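What follows is one structure encoded as structure tokens, with my remarks underneath.
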Amino acid sequence: MLKIYNTLAREKQTFVPMVAGKVSMYVCGMTVYDFCHLGHARVMVVFDMVSRWLRASGLDVIYVRNITDIDDKIIKRARENGEDISVLTQRFIDAMDEDSALLGVLRPDIEPRATEHVLGMIEMISTLIEKSHAYQAENGDVFYAVNSFQNYGKLSGKSLEDLRAGERVEVDTFKRDPMDFVLWKSVKPNEPSWDSPWGKGRPGWHIECSVMGACHLGKHFDIHGGGQDLQFPHHENEIAQSEAANDCTFVNYWMHNGFVRVDDEKMSKSLGNFFTIREVLKKYDAEVVRFFILRAHYRSPLNYSDKHLDDAKQALSRLYTALRGIDVVAKVDKSAASYEAFKTAIDDDFNTPEALAVLFDLANTLNKSGDLAVAAQLKGLANILGLLARSSEDFMQAGSSSSLDVALIEAQIFARSEAKKAKDFAEADRIRKDLLDQGIILEDNSQGTIWRR
RNA sequence: GGCGCGAUAGCAAAGCGGUUAUGCCGCGGCCUGCAAAGCCGUUUAGUCCGGUUCGACUCCGGAUCGCGCCUCCA
């Protein structure tokens, strides 16, 4: 029985899909004006894991993750680059696809782009105006009237009074209420625009997710996810728009993943303390990064540092080492105690740290017994999390293009084995030390010598 | 200022009202030409103060500290 922590209820709840056996899930994806950083990696990996587990549990999942390809920052960046907006966004969509593929993130079923749904947004805004939930202001912008929606604040736990009293709410003279947010921005010089009943312009940010969610999953669906920072105002506003326009509940379960931090501070574009995925992948294997992400519970903060990545690499190596030299096909035995433990862990609000502990127990059993069924189970369960999909040799010998050539390593190993045969252990040790200094670890076993990085 | 979250051993990170989490690191042993890997053993816990209880790291209250949201952000 899967339980999910529902932000809306502020507690873990038993997950009951609207339609038995089917799950509709929407996750807020990227605004594509730059490379993805580790915070984005976390969202992608976490919800990839969620969708994999739902599927492994026998559910029929439709997973939608949007792409925001029109927005202030995109316009600004394109202008700075002297680049066409569509060229810029496509470039970063391609980069995102590369990054996520390396991280073992499966493609969502649908990846709608905001620019493909402008008509739908115009329709929804019209409906909101008809129902007096929105109005066009004197400057031409269309705003959502926050006080027209009774439940405004139910997701984030904020009240309008508190929000208005907040020191940081900007005063916009065109708004009826300082908390009103923009649905449609009237066109400005040199900006892309679409025709609308309110003149040329472009959509505000929040409306796209309300429209794309409804278009692909229906007006009411099961799960909506995203980073914690989207809880307010983005998701709060999505609820306000959708429920006011459609007169029905928008989403049953809201999931929010925690931040990636650097030195105990949120990693973010505005703080400038972010590491891009591709930057990190120059130094660390992508699977190590995935493992690092899944090693913490998805709602907890996750501190990034080289030390933690090194630690993750060591830990993942232990699993791969257990499987070294064992040629088995991953196969999950659902009658095994390990499966029960694994399932119990993940069913408890996706407790991947505990699920990983099950894998380490299996590795220990495997090391002791060499039991092929245990090896198959280890691979099988890990595969559900998108881990241990490669051969151990692939993992352990994977290196960057700049690292030592394989042929050279093997030549050295041969030279060392000759030295060993001649009982010249000083020379053998010298070669081993020499390789170690270049990051190559040699291990002798009954079959000969194996190496890893 | 308003709202919310967290505080676990050297580091990272879970569960649990009483029984070994797990991984990395350290230490001892086995194994090895020596190592490495592995196996066995082992040292380090639960911010502080109260309360509930036969018993609390685990529940309740308070304090302290840290973090997040309230503005674009995954």
Side-chain angles (χ1 to χ4, degrees), chain A residues 7 10 27-31 34 36-47 65 68 71-73 76 153 156-159 161-170 179 205 225-234 236 256-261 264-271 274 291-292 295-297 299-303 305 307-319 321-322 324-325 341 344-345 348 351-361 363-364 366-370 396 420 423-426 428-429 432-433 436 441-446 449-452:
Chain A
T7 308
R10 267 162 264 280
V27 171
C28 285
M30 260 45 77
T31 300
D34 206 343
C36 292
H37 60 66
L38 275 183
H40 301 115
R42 192 174 194 191
V43 187
M44 294 195 288
V45 168
V46 161
F47 288 100
R65 190 184 65 204
T68 299
D71 144 282
D72 288 357
K73 278 179 280 197
K76 182 165 175 274
S156 55
K158 298 177 189 303
S159 73
E161 296 80 75
D162 293 343
L163 286 166
R164 290 190 192 108
E167 294 160 355
R168 300 162 75 187
V169 175
E170 89 286 12
M179 291 314 298
W205 176 36
Q228 221 159 41
D229 43 2
L230 298 185
Q231 199 175 313
F232 188 90
H234 186 52
E236 193 69 63
H256 294 96
N257 65 275
F259 298 130
V260 175
R261 301 169 163 188
D264 287 316
E265 257 191 342
K266 177 185 172 182
M267 178 182 288
S268 74
K269 288 280 173 75
S270 31
L271 287 171
F274 62 91
F291 181 88
F292 166 70
R295 204 152 72 119
H297 184 87
R299 283 190 285 119
S300 301
L302 178 62
N303 263 309
S305 74
K307 184 174 184 296
H308 295 156
L309 266 292
D310 289 338
D311 190 88
K313 183 193 173 189
Q314 287 301 107
L316 182 57
S317 296
R318 179 170 165 80
L319 297 179
T321 302
R324 190 159 56 176
T344 301
D348 182 15
N351 192 336
T352 51
E354 203 178 319
L356 291 175
V358 174
L359 302 187
F360 284 100
D361 287 342
N364 179 254
L366 174 59
N367 284 332
K368 282 189 279 195
S369 66
M396 306 229 242
K420 278 178 68 179
K423 301 278 183 209
D424 184 356
F425 294 121
D429 290 351
R432 185 169 62 193
K433 176 70 166 52
L436 183 63
I441 299 160
L442 296 191
E443 296 179 18
D444 296 332
N445 63 24
S446 50
T449 300
I450 51 179
W451 65 273
R452 63 194 167 90

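Just so it is clear: chains get the letters A, B, ... in the order the sequence lines come, proteins before strands, and each one is counted from 1. Treat the numbers as computed from the prediction; the structure is a model and nothing was measured.
Residues passing the side-chain contact (heavy atoms from CB on, under 4.5 Å) test with A:S369, sequence neighbours excluded: A:T365, A:D371. Among residues two or more places apart in sequence or in another chain, the salt bridge (Lys or Arg N to Asp or Glu O under 4.0 Å) test is passed with A:D72 by A:K185, A:R202. Residues satisfying the salt bridge (Lys or Arg N to Asp or Glu O under 4.0 Å) criterion with A:K313, sequence neighbours excluded, are absent altogether. By the side-chain contact (heavy atoms from CB on, under 4.5 Å) test, A:L319 pairs with A:F291, A:L316, A:L359, A:F360, A:A363, A:L378, A:L388, sequence neighbours left out. A:R324 meets the side-chain contact (heavy atoms from CB on, under 4.5 Å) test with A:T321, A:S392, A:E393, A:M396, A:E443, A:I450, A:R452; sequence neighbours excluded. Residues meeting the salt bridge (Lys or Arg N to Asp or Glu O under 4.0 Å) test with A:D348, sequence neighbours left out: A:K12. Looking at residues two or more places apart in sequence or on another chain, you find no salt bridge (Lys or Arg N to Asp or Glu O under 4.0 Å) involving A:R42.
Distance A:D361 CG to B:G23 P: 7 Å, rounded to the nearest Å. The interatomic distance linking A:D71 (CG) with B:C73 (C1') rounds to 10 Å, in whole Å. The separation between A:E265 atom CD and B:C5 atom P is 22 Å, rounded to whole Å. Rounded to an integer number of Å, the gap from A:H37 NE2 to B:A74 P is 6 Å. Spacing between atom CZ of A:F259 and atom P of B:G66 amounts to 19 Å, rounded to whole angstrom units. Rounded to whole angstrom, the span from the NE2 atom of A:H297 across to the P atom of B:U8 amounts to 17 Å. Taking atom NZ of residue A:K307 and atom C1' of nucleotide B:C24, one finds them 8 Å apart after rounding to whole Å. The CG atom of A:N303 sits 13 Å away from the P atom of B:C11 (whole-angstrom rounding).
Contact annotation: side chain of A:K266 to base of B:C67, donor-acceptor pair absent below 3.5 Å. No hydrogens or angles were tested; on distance alone, a donor-acceptor pair under 3.5 Å links the side chain of A:K158 to the base of B:C69.
For the C1' atom pair drawn from B:C60 and B:G23, the interatomic distance equals 34 Å after rounding to whole Å. Spacing between B:G38 and B:U32 at atom C1', rounded to whole Å, works out to 12 Å. Comparing the P positions of B:G28 and B:A14 gives an interatomic distance of 31 Å, to the nearest angstrom. B:C54 and B:C70 have their P atoms separated by 47 Å, given to the nearest Å. The C1' atoms of B:C48 and B:C65 are separated by 10 Å, rounded to the nearest whole Å.
Secondary structure note: stems in RNA chain B built from 3 or more consecutive Watson-Crick or G-U wobble pairs under 3.5 Å occupy B:1-7 with B:64-70, B:10-12 with B:22-24, B:26-30 with B:38-42, B:47-51 with B:59-63.
Residues A:V43 and A:R65 form no side-chain contact, since every pair of their non-hydrogen atoms from C-beta on lies 4.5 Å or further apart. Taking 4.5 Å as the limit, some side-chain heavy atom of A:F274 sits within range of a side-chain heavy atom of A:K269.
Nucleic acid contact for A:D264: sugar-phosphate only, since backbone atoms but no base atoms lie under 4.0 Å from a heavy atom of the residue.
A salt bridge links A:D264 to A:R261: one of the charged nitrogens lies within less than 4.0 Å of a carboxylate oxygen.
Comparing A:F232 and A:E354 along RNA chain B, the residue whose closest nucleotide (by nearest heavy atom) sits nearer the 5' end is A:E354.
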Legend entry - Annotated protein contacts, base or backbone, on nucleotides 27-39 of chain B with a non-hydrogen cut-off under 4.0 Å, one of B, S, - each: ------BBBBSSS
